[in-house]
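Take a look at the structure set out below.
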Amino acid sequence: MAAPNVRSSSFSRNVAVVSSPQIPGLKCGPNGTTFISTGIRDLDRILGGGYPLGSLVMVMEDPEAPHHMDLLRTFMSQGLVNNQPLLYASASKDPKGFLGTLPNPGSSKEDKPTAPDLDQAESLRIAWQYRKYMENQKNSIDDYSNDFDMRKPLERQFLAGRPIDCVSLLDSSDLSVAQDHCATFLSKFLRNSSNIASIGRIAIQSFCSPLCEYSEKESEMLLFIRLLKSMLMVSNAVAIVTFPPSMLSPSTSKRLQHMADTLLSIKAIPDGDKELEKLLTGYKDINGFLNVHKVARINTQVPVILEAKTFSMSLKKRRFVALECLNQAPVDGSSGTSYGTSGSCSGSSNSGALDF
């Protein structure tokens with residue numbers, strides 16, 4: 001008897017099954033996606049896990065404040081803590097000096113030990129097998145993402161012997177040098193099997209800086225980003241590129257944004273803005289706003305639905321980067337629970353300075 005002819009649909013998903021990550025700093029996601037941490041726990045949660053491997057992250061800078069540096073520093077520190085190779089490029093004569101500004105991992109939780117409650121411990125006694133499982137889960141979370149103390153420099157043990165390549169873009173008349181460095185770096189992380197041996201991180205700061213000689217060659221900059229994106233698609237690496245949109249023509253800026261898998265922007269909060277102070281709760285603690293314009297979609301056509309697109313950016317305990325959904329203050333100015341605490345950034349039909 002002839003074997004039945006099984007008809008396969010041309011729309012069937014062809015995704016290689018990725019084994020459970022055996023190296024620290026990785027997390028499996030849906031549809032065979034593997035994430036690496038952004039270096040900020042809140043941003044990992046907002047993006048659904050972090051940055052997917054093989055993706056290009058673009059960050060639009062604000063010329064009024066260097067808040068985009070926090071995203072860059074935490075991204076680089078997270079990779080070095082997990083012993084992941086790093087390629088850093090900037091318009092600086094000595095890009096290695098930037099490594100001295102990277103933050104050190106810390107703990108945003110209270111350091112003071114609390115006395116155990118014997119009655120509560122007795123009532124919450126669980127089986128040792130389940131307790132062991134919970135400890136393993138906690139360790140895996142700590143290995144994936146850290147809280148970084150922005151006031152404490154990264155310890156030398158995380159820099160000594162780490163595979164770090166620093167490139168200066170200042171004296172380059174074109175982007176051929178940067179392209180060669182990226183190609184050589186990414187060739188070490190080609191995606192040729194379902195097993196991931198190691199991953200790499202690329203950080204490019206102020207890509208379109210006017211200090212660079214190629215800053216007026218917008219066609220070459222677009223070509224470089226296009227080539228970088230194509231190389232990332234077949235590699236186990238993630239690249240984050242910050243650029244100032246105000247230094248580019250509107251068409252070039254839009255094309256760069258379109259090529260990004262994940263697109264973020266940073267906006268500094270104006271000082272002494274009375275309207276915002278009335279509109280937002282916790283205004284005095286907010287340093288700026290983070291806008292999520294696009295989230296990477298790997299192996300899927302389904303768009304990612306975010307709880308919000310604009311988040312307040314602040315330093316928890318003046319040390320740890322924290323992102324929160326904007327909460328609108330009560331309209332009548334009275335005290336009480338803020339609007340939008342359920343995750344929505346708008347809690348009133350009345351429009352104001354910020355209308356999301």
State, yes or no, whether a side-chain contact exists between [X] and [Y] at a heavy-atom distance under 4.5 Å.
X	Y	answer
Ile204	Leu228	yes
Leu26	Ile36	yes
Asp149	Phe320	yes
Met76	Arg201	no
Pro244	Cys208	yes
Leu43	Thr74	no
Asp261	Val57	no
Leu264	Val292	yes

Would you check if the side chain of [X] reaches a backbone N or O of [Y] as a donor-acceptor pair within less than 3.5 Å?
X	Y	value
Asn299	Asn31	yes
Glu155	Asn104	no
Ser215	Cys212	yes
Thr262	Ala296	yes
Lys217	Leu175	no
Ser168	Ser92	yes
Thr33	Pro30	yes
Lys27	Tyr144	no
Asn291	Thr310	no
Glu218	Ser249	yes

(request) Determine whether the side chains of Ser176 and Asp174 contain a donor N or O and an acceptor N or O closer than 3.5 Å. (result) yes

(request) Verify whether one side chain among His67 and Asn287 offers a donor that lies under 3.5 Å from an acceptor in the other. (result) no

(request) For Leu256 and Leu222, run side-chain contact (heavy atoms from CB on, under 4.5 Å): C-alpha distance rounded to whole Å, both residues' side-chain angles, the deciding distance at 0.1 Å, then the answer. (result) CA-CA 7 Å; Leu256 285 177; Leu222 290 171; 3.7 Å; yes

(request) Check Met247, His68, Met69 against Glu61 for a side chain to side chain contact (heavy atoms under 4.5 Å, CB included) and give me the one that passes. (result) His68

(request) Determine the sole option in Val321, Asp147, Ile46 for which the side chain to side chain contact (heavy atoms under 4.5 Å, CB included) test with Arg41 is passed. (result) Asp147

When rounded to the nearest 0.5 angstrom, what is the spacing between [atom1] in [X] and [atom2] in [Y]?
X	Y	atom1	atom2	result
Asp62	Ile266	CG	CD1	8.5 Å
Ser77	Asn146	OG	CG	9.5 Å
Leu159	Arg162	CG	CZ	8.0 Å
Lys267	Leu290	NZ	CG	13.5 Å
Phe35	Ser145	CZ	OG	13.5 Å
Thr242	Leu72	OG1	CG	5.5 Å

(message) Check this for me: Arg151, atom CZ, are more than 12 non-hydrogen atoms of other residues, nucleotides or ligands nearer than 6.0 Å?
(response) no

(request) Might you confirm whether atom CZ of Arg255 has over 12 heavy atoms from other residues, nucleotides or ligands at distances under 6.0 Å? (result) no

Could you pull out the closest heavy-atom pair between [X] and [Y], with the gap in Å?
X	Y	result
Met150	Leu315	CG-CD2, 4.0 Å
Asp42	Ala322	OD2-CA, 3.4 Å
Leu99	Cys166	CD1-SG, 4.0 Å
Phe311	Glu307	CE2-OE2, 3.9 Å
Pro153	Gly100	CB-O, 3.8 Å
Ile298	Pro52	CG1-CB, 3.6 Å

(request) Kindly say whether the aromatic ring centers of Phe224 and Phe207 come within a distance under 6.0 Å. (result) yes

(request) Assess whether side-chain contact (heavy atoms from CB on, under 4.5 Å) is satisfied between Phe158 and Leu102, documenting all intermediate values. (result) CA-CA 10 Å; Phe158 298 117; Leu102 300 183; over 6 Å; no

If two hydrophobic side chains count as joined below 4.5 Å and joins carry through other members, does [X] share a cluster with [Y]?
X	Y	answer
Leu71	Ile202	no
Val295	Met60	no
Leu53	Met259	no
Leu186	Tyr51	no
Phe148	Tyr88	yes

